[in-house]
Amino acid sequence: KHMAARLQLKSLDDTGRFAGYASIFDVLDNQRDIMLRGAFSASLKAKREIKLLWQHQQSEPIGIIEQAFEDDYGLY
């Protein structure tokens with residue numbers, strides 16, 4: 001499967017918070033990677049602060065991820 005999707009921001013509260021999927025399972029992405037269920041489980045169990053990065057750049061954090069979990073669809 002291949003999926004091309006644009007980011008759609010459906011709601012943003014007054015503090016700038018938003019929610020959505022960071023990764024979807026079993027879909028071929030633009031880098032030709034496919035994320036499988038359980039791919040993030042070890043990292044999520046570590047319970048460390050997860051930075052929201054701009055374009056995956058460690059030097060450009062733009063926020064903090066307050067909650068992350070895997071469900072049947074992907075990494076939410």
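All values reported here derive from a predicted model rather than from experimental measurement.
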The complete set of side chain to side chain donor-acceptor pair (under 3.5 Å) pairs with one or both residues in residues 34-44, sequence neighbours excluded, reads Asp26-Arg37
When the side chains of residues 15-25 are checked against the rest of the protein, which donor-acceptor pairs come out under 3.5 Å, sequence neighbours left out?
unit_1	atom_1	unit_2	atom_2	d
Thr15	OG1	Asp13	OD1	2.6
Thr15	OG1	Asp13	OD2	3.4
Arg17	NH2	Glu66	OE2	3.3
Tyr21	OH	Asp71	OD1	3.4
Tyr21	OH	Asp71	OD2	2.5

Please determine whether side chain to side chain contact (heavy atoms under 4.5 Å, CB included) holds for the pair Leu52 and Ile50, giving the CA-CA distance in whole Å, both sets of side-chain angles, and the decisive distance to 0.1 Å. CA-CA 7 Å; Leu52 180 60; Ile50 303 170; over 6 Å; no
So, using side-chain contact (heavy atoms from CB on, under 4.5 Å) as the criterion, who are the partners of Gln31 when residues are at least two apart? Asp29, Asp33
Using the test salt bridge (charged side-chain N to carboxylate O under 4.0 Å, His left out), find all partners of Glu49 that sit at least two apart in sequence or belong to another chain. none
In this structure, would Ile64 and Ile62 fall into the same cluster of hydrophobic residues linked by side-chain contacts under 4.5 Å? no
Which pairs with one or both residues in residues 26-56 pass ring-ring contact (aromatic ring centres under 6.0 Å, His included), sequence neighbours excluded? none
For Ser59, what residues pass the side-chain contact (heavy atoms from CB on, under 4.5 Å) criterion, not counting sequence neighbours? Gln57
Nearest heavy-atom pair of Lys51 and Pro61: which atoms, and what distance? CD-CB, 4.3 Å
With side chains defined as the heavy atoms from C-beta onward, is the minimum distance between Leu53 and Gln58 less than 4.5 Å? yes
Do Met35 and Leu75 have side chains that approach each other closer than 4.5 Å (heavy atoms only, starting at C-beta)? no
